Participant: 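Okay, here's the structure, questions in a sec.
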Amino acid sequence: MASSISAGLALKLSPQRLSGKSFQFSSQLQFRNPSLVSYPLPTTGTVHVRPTRVAREVSPTSISDSANDVVVSSKSPRLEKDPQALWKRYVDWLYQHKELGLYLDVSRVGFTDEFFREMEPRLQKAFKDMEDLEKGAIANPDEGRMVGHYWLRNPKLSPKAFLTQQIENTLERICGFAEQVISGKIRPPQKERFTQILSIGIGGSALGPQFVAEALAPDNPPLKIRFIDNTDPAGIDHQIAQLGSELESTLVIVVSKSGGTPETRNGLLEVQKAFREAGLEFSKQGVAITQENSLLDNTARIEGWIDRFPMFDWVGGRTSEMSAVGLLAAALQGIDIREMLTGAALMDEATRITLVKNNPAALLALCWYWATDGVGSKDMVVLPYKDSLLLFSRYLQQLVMESLGKEFDLDGNRVNQGITVYGNKGSTDQHAYIQQLRDGVHNFFVTFIEVLRDRPPGHDWELEPGVTCGDYLFGFLQGTRSALYANDRESITVTVQEVTPRSVGALVALYERAVGIYASLININAYHQPGVEAGKKAAGEVLALQKRVLAVLNEASCKQPVEPLTLEEIADRCHAPDDIEMIYKIIAHMAANDRALIAEGSCGSPRSIKVFLGECNVDEMYA
Ligand SMILES: O=P(O)(O)OC[C@H]1O[C@](O)(CO)[C@@H](O)[C@@H]1O
């Protein structure tokens, strides 16, 4: 029987208390987390709270459902504040990986022992899922493929000997190629050696290499890297202009697993045009990283580019940092890629341990579940206190959000899962948005990334008695952590000794595994991205409509005299009256780029516009 909820206040429902119950409610009721209720959410009526979610108790709450009345008040969870009890919690839960010099502190996340016990069987299932994955289970049912990024750092783990061979051969080829490029054995036609890398790719084909370049490239790398990761023409022009005459000594690496991503294709075409205009032969300076037989692979083969490296079907874009995608660029910048692989392999071993307390990825996943109620109710703010780790949050944004942000769970239930990730670096962000984190809306938890080594040995100095510049950075991290906690804002701290290829490899592996475990806890497929397709498809439709608009305008512009058209007329002649808004946007964009001319009116008042093309393309008319 349905209970009635009388609450005009913002509330946080405790899923365990309300689990499985139905409630009458009025429009006054606001759900702080609408995803806890079944869809769609009406303004009046009955809601059903999804059963069987293991989540935190909201404490203290005043839920009284006597006489069918449920009054729920919102209070932050009470976190332990007694210094001695906190110290005990810190010590009891501190995770350390000795060989990696990595620590994980989850003491400032307030999960209870009861929660931990309840999650234990689900974590054991997650470990089993991860084990199956590593053994080659089809973990991506709708794409019918294995998920094997773990094999990249331990090829012997792969379920087939030929895969082991492929991974090892590719690594050898990457190292050999990088050596030859750096030594000048492989060189551009008109220069002694390559000095620059221009990497073209997007998403998982860019974010890892960008993060690693920022984190690990030496001050004077053998080859400097820059990226084209968008189809923004001005952005592309900027990169090419920055290269200037060094285009002659630029190695262009085109990275695309599918080999057909439009942004990457466009970047390639733009760069090839720049090469032509500079009188350079692109094929002598181009390298492809892509799946065998993709469009990009075939193009590179037919055009005779310098080399091609494989992207394996069983490595997803967002987990491809330890494949050729990340390793080739890193090796060319003089980064020790075998150390990166070692760091990742060590972390992989550590995160296979089935004792939750000794498994840092499981601890992370557990904290995420606690902090977000297992439904993404809070955002993950990632704050590395180290400039070189600036791009870690952006890298994690794709890894976490593209993996976990799913509409349906594995049983087909609509769940709209995910965890929002953002952040830049500390202490810089302290002067931007930490104010809100401390005092404002409580919709996040923080992950601090701490680096113990401030500078290479021998370079430190005290800028005031007893205090270095790095002490300030340390102080700001600790201070922010304390200040947030004092106001019931939870945080995790990951600490590494230094930013090295090994620790960066370990961090990548840590988060890859945490995402895998968390995906299992919330029962979603972390290895596909069906939502991305919707945007791609819609973009394709816009471009198709633009072609029709152009054809209609061309026909009218070829008339004598030219016939400027209103938006309604264009929409009518395109047989797309419902698309008039999009047609308006297409015209406004074309007009801003001098490709359509406004004969009458202005874009500010769409109904007034009459438009035509500056030139009549007769060939187009009869095409
Ligand atoms: O490497 P590709 O195939 O060009 O894809 C780039 C990115 O696009 C996505 O598929 C999303 O569209 C990401 O998952 C991927 O990393």
Side-chain angles (χ1 to χ4, degrees), residues 139-140 142-149 152 170 198-213 227-232 235-236 252-271 286-300 305 308-329 391-407 417-418 421 508 511-512 515-516 519 524-543:
N140 193 346
D142 39 333
E143 291 176 12
R145 61 180 179 85
M146 301 185 288
V147 174
H149 47 274
L152 296 168
T170 305
L198 182 57
S199 179
I200 308 175
I202 195 167
S205 292
L207 288 160
Q210 286 169 332
F211 161 52
V212 165
F227 294 90
I228 290 178
D229 65 354
N230 199 357
T231 183
D232 172 11
I236 295 170
V252 182
I253 308 182
V254 187
V255 192
S256 174
K257 179 177 174 182
S258 60
T261 300
E263 291 92 333
T264 305
R265 182 205 73 142
N266 295 357
L268 168 62
L269 294 179
E270 293 274 356
V271 170
V287 172
I289 302 178
T290 186
Q291 282 192 113
E292 215 180 325
N293 285 326
S294 73
L295 186 60
L296 173 60
D297 190 42
N298 291 333
T299 307
W305 296 12
R308 287 143 48 221
F309 292 89
M311 253 201 104
F312 306 117
D313 160 61
W314 37 267
V315 175
R318 54 189 170 274
T319 52
S320 64
E321 178 46 35
M322 305 285 159
S323 74
V325 172
L327 297 183
L328 183 64
L391 296 182
F392 193 45
S393 41
R394 200 192 286 180
Y395 169 77
L396 288 182
Q397 200 167 53
Q398 186 204 22
L399 178 64
V400 174
M401 295 178 74
E402 204 168 68
S403 301
L404 303 179
K406 298 296 153 69
E407 185 169 15
Q417 272 286 2
V421 178
V508 167
Y511 276 84
E512 282 176 352
V515 164
I524 54 110
N525 177 358
Y527 308 103
H528 65 171
Q529 50 285 329
V532 182
E533 297 312 314
K536 283 187 192 165
K537 189 166 165 267
E541 284 162 9
V542 173
L543 293 176

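Counting convention: from 1, in listed order, for ligands and their atoms alike. This is a predicted model, so every value here is computed, not measured.
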Participant: Tell me which protein heavy atom sits closest to atom 10 (O) of ligand 1, plus the residue, atom name and distance to 0.1 Å.
Facilitator: Lys536 NZ, 4.1 Å
Participant: Heavy-atom count check: over 12 atoms from other residues, nucleotides or ligands less than 6.0 Å from Arg394 CZ?
Facilitator: no
Participant: What atoms in ligand 1 come closer than 4.0 Å to a heavy atom of Thr261?
Facilitator: 2 (P), 3 (O), 4 (O), 5 (O)
Participant: If you measure from each non-hydrogen atom of Met311 to ligand 1, which part falls under 4.0 Å: side chain, backbone, both or neither?
Facilitator: neither
Participant: If I compare all heavy atoms of Thr264 with all of Ser256, which pair ends up nearest, and what's the gap?
Facilitator: CG2-CB, 4.1 Å
Participant: Hey, is atom 8 (O) of ligand 1 touched by any protein heavy atom at less than 4.0 Å?
Facilitator: no
Participant: Crowded around Glu407 CD? As in, over 12 foreign heavy atoms under 6.0 Å?
Facilitator: yes
Participant: To which protein heavy atom is atom 6 (C) of ligand 1 closest, and what is the distance rounded to 0.1 Å?
Facilitator: Ile202 O, 3.3 Å
Participant: Does Gly204, backbone or side chain, put an N or O under 3.5 Å from an N or O of ligand 1?
Facilitator: yes
Participant: Hey, is the main chain of Leu295 close enough, under 3.5 Å, to the side chain of Thr299 for a donor-acceptor pair?
Facilitator: yes
Participant: Checking a contact table here: which protein heavy atom is nearest atom 12 (O) of ligand 1, and how many Å away?
Facilitator: Val532 CG1, 2.8 Å
Participant: Of the protein's non-hydrogen atoms, which lies at the shortest distance from atom 13 (C) of ligand 1, and what is that distance?
Facilitator: Glu402 OE1, 3.4 Å
Participant: What is the distance from atom CD of Gln398 to atom CZ of Arg318, rounded to the nearest 0.5 Å?
Facilitator: 6.5 Å
Participant: Rounded to the nearest 0.5 Å, how far apart are OG1 of Thr290 and CG of Asn298?
Facilitator: 9.0 Å
Participant: Near Lys257, which atoms of ligand 1 are under 4.0 Å from a heavy atom of that residue?
Facilitator: 1 (O), 2 (P), 3 (O), 4 (O)
Participant: Ligand 1 and Thr264, any nitrogen or oxygen pair closer than 3.5 angstrom?
Facilitator: no
Participant: Could you go step by step and tell me if Gln210 and Asp229 meet the side-chain hydrogen bond (donor to acceptor under 3.5 Å, both in side chains) rule?
Facilitator: CA-CA 10 Å; Gln210 286 169 332; Asp229 65 354; 2.9 Å; yes
